[in-house]
**Q** 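Next up is a structure, given as structure tokens.
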Amino acid sequence: MDQIVSLCKRRGFLFQSSEIYGGIQGFWDYGPLGVELKRNLKEAWWHDMISGHNELVAPANAPGPFEMVGLDCTIIMHPQVWKCSGHYDLFHDHMVDCRESKKRYRFDQVRGRWVEYADRSQKIFVSTLADIETELDEVRRRAMKFFRLRNKDADKISISNESLTIDRLDSTKEVLAPDAKNLDTLTEPREFNLMFKTTLGALGGENDATFLRPETAQGIFVNFKNVLDSSRVKLPFGIGQVGKSFRNEITPRNFTFRSREFEQMEIEFFCHPDQSQVWYKYWRDRRMAWYTKLGLSSESLIMREHHQEELAHYSVGTADIEYAFPFLPEGEYGELEGIAHRGDFDLRSHMEGKLNPATRPMEVELGENGKAKYRGSGRDLTYRDEVTNEKFVPHVVEPSAGADRGVLAFLCEAYSEDKAPDEKGKMQTRTVMKLHPRLAPIKAAVFPLVKKDGMPEIAREIYGELKKHMNVFYDEKGAVGRRYRRQDEAGTPYCVTVDTESLNDKTVTIRDRDTLEQWRVKIDDVVTDLTSRIQ
């Protein structure tokens with residue numbers, strides 16, 4: 001993972017936000033290559049899910065044909081949206097404070113191991129925020145310091161092989177907190193709302209308070225009727241949106257995996273309640289296949305159905321597509337996308353008032369005055385079937401993907417080291433980003449073999465033609481082998497080289513990044529050849 005992070009900065013994929021001022025935790029900037037990669041991922045999602053969808057035929061394995069449209073909603077919405085959605089009351093993580101260090105930690109993210117010191121018959125849980133690769137060494141170092149042992153006495157302590165998070169412990173009394181010198185310094189876990197609060201207007205009073213959206217979904221729900229009335233869509237249909245969301249994470253970590261500002265690619269798919277389970281299974285399987293089609297290894301992906309106790313307050317059923325990120329322990333996976341069966345919770349809440357998830361069937365949650373605790377809009381968000389005349393509140397299936405986590409997963413999957421000959425034919429270690437051509441920031445690089453004999457002129461002409469169709473790069477500096485290496489690190493799938501033969505037969509060499517195969521193509525056919533390969 002350290003090598004991937006280093007490459008991301010060196011090659012211009014990702015930088016820490018405000019780095020010249022020491023950075024700000026949980027925020028990341030995308031560099032020249034990173035912004036192209038992220039745009040390509042979002043555009044691939046938008047095309048495959050929304051704009052490229054053919055509503056006249058049923059896709060493979062779909063229960064039937066359906067329509068797809070898009071939205072772009074505001075980041076700041078009416079505060080009542082978040083009260084009716086449940087975020088105002090329920091959107092929280094559990095945190096613990098350390099009474100000694102005065103630091104705050106997310107309860108389910110502090111890891112550690114049990115350490116036993118036989119001479120004292122004492123067993124403690126040593127916690128740390130270190131990466132999983134260095135966790136064992138950090139636990140050993142802290143345990144030795146706690147027990148005041150020297151290096152020669154290291155064999156007097158035994159450390160458990162199992163790494164645990166502190167939320168899995170029965171008690172925190174024997175826990176050595178990550179920045180503490182004494183045991184039992186952690187408070188009881190308490191709830192911490194994850195929404196960023198902001199103020200509307202100039203006065204800044206409590207009545208002017210609202211929030212930066214923690215998800216893009218609610219913008220779709222509150223526009224359900226607008227879309228229905230303006231675009232003449234009929235059930236089943238989906239509304240897609242790509243946009244920024246914000247969550248005030250207690251301990252953002254693991255590079256861009258858990259950030260405070262991130263982008264989501266979400267679909268809210270509306271269907272008849274009787275068909276919702278079938279559509280849930282369809283979207284779950286389709287979204288899994290999308291990742292493997294773009295290059296994620298099926299061996300590094302799992303589909304995990306949530307247990308009943310894990311389900312969100314609105315969820316009838318949820319499955320997570322999870323990826324084996326290299327910063328996680330062996331055998332563990334991190335969430336890449338969630339596919340949730342949200343039932344009719346959202347539309348009913350925005351229509352009637354926030355529903356109480358503890359009631360079955362769910363009813364409007366009442367306040368002390370016997371009225372809705374958080375009143376809904378009062379707008380009719382039901383759907384009437386023109387054929388059967390049936391009127392009902394649609395059920396919703398939500399495939400919700402993180403664009404930033406997607407970028408991170410594809411970067412981790414693409415990173416590779418192999419052996420390749422340099423310009424002198426000597427085998428050298430090569431770092432290569434094996435990104436799918438659709439995602440690659442640069443689709444092709446154009447080189448003149450040398451800066452003379454008319455080669456640069458031909459190369460620049462080819463570059464100009466390619467630039468009309470795709471993002472390409474021109475380079476005439478240094479040995480051609482080193483130029484290949486730079487493009488391999490950038491993930492560029494193809495390199496076009498103008499050489500001495502090009503002057504005679506009007507052909508160029510195209511080199512494949514992954515196989516290192518090379519072939520000759522007529523100059524007039526370069527655009528056609530490359531365009532066909534990057535689909």
**Q** Any idea which heavy atoms bring Ile50 and Gly240 closest together, and the distance?
**A** CD1-CA, 3.8 Å
**Q** Strictly under 6.0 Å, is that where the ring centroids of Phe255 and Trp28 end up?
**A** yes
**Q** With distance as the sole test, does Thr187 use its side chain to make a donor-acceptor pair with the main-chain N or O of Asp97 at under 3.5 Å?
**A** yes
**Q** Which pairs with one or both residues in residues 116-130 pass salt bridge (charged side-chain N to carboxylate O under 4.0 Å, His left out), sequence neighbours excluded?
**A** Asp119-Lys156
**Q** Please confirm whether Phe13 and Tyr30 have ring centers closer than 6.0 angstrom.
**A** no
**Q** State whether the side chain of Gln241 and the backbone N or O of Cys73 hold a donor-acceptor pair below 3.5 Å, judged by distance alone.
**A** yes
**Q** Within the 3.5 Å criterion, strictly below it, is a donor on His341 or Ser276 matched to an acceptor on the partner's side chain?
**A** yes
**Q** Got a salt bridge between Asp488 and Arg430, using NZ or NE/NH1/NH2 to carboxylate O under 4.0 Å?
**A** yes
**Q** Crowded around Asp29 CG? As in, over 12 foreign heavy atoms under 6.0 Å?
**A** yes
**Q** Do Lys434 and Glu413 meet the salt-bridge criterion of a basic N to acidic O distance under 4.0 Å?
**A** no
**Q** More than 12 foreign heavy atoms under 6.0 Å from CZ of Arg375: is that the case here?
**A** no
**Q** Any idea how Tyr117 and Phe147 line up, ring-wise: parallel (<30°), tilted (30 to 60°), or perpendicular (>60°)?
**A** tilted
**Q** Just by distance, do the side chain of Gln264 and the backbone of Thr216 share a donor-acceptor pair under 3.5 Å?
**A** yes
**Q** Please check if the side chain of Arg304 supplies one atom and the backbone of Ala319 the other of a donor-acceptor pair under 3.5 Å.
**A** no
**Q** Is it possible for you to check whether Arg405 lies under 6.0 Å from the centre of the six-membered ring of Phe257, through NZ or CZ, and within 45° of that ring's axis?
**A** yes
**Q** Hey, are Glu489 and Arg10 close enough for a salt bridge, meaning a charged N less than 4.0 Å from a carboxylate O?
**A** yes
**Q** Does the cation-pi check pass for Lys354 over Tyr374, that is, NZ or CZ under 6.0 Å from the six-membered ring centre and within 45° of its axis?
**A** no
**Q** Name all residues meeting the ring-ring contact (aromatic ring centres under 6.0 Å, His included) criterion together with Phe125; count only those two or more places apart in sequence or in a different chain, and write none if there are none.
**A** Trp114
**Q** Quick check: does any side chain N or O of Arg142 sit under 3.5 Å from a backbone N or O of Ser127, one acting as donor and the other as acceptor?
**A** yes
**Q** Less than 6.0 angstrom separating the ring centers of Trp279 and Phe269, yes or no?
**A** yes
**Q** For Glu365, is there an ion pair with Lys83 - N to carboxylate O distance below 4.0 angstrom?
**A** no
**Q** Quick test of your reading of the model: are Lys181 and Glu100 salt-bridged, counting only N-O distances below 4.0 Å?
**A** no
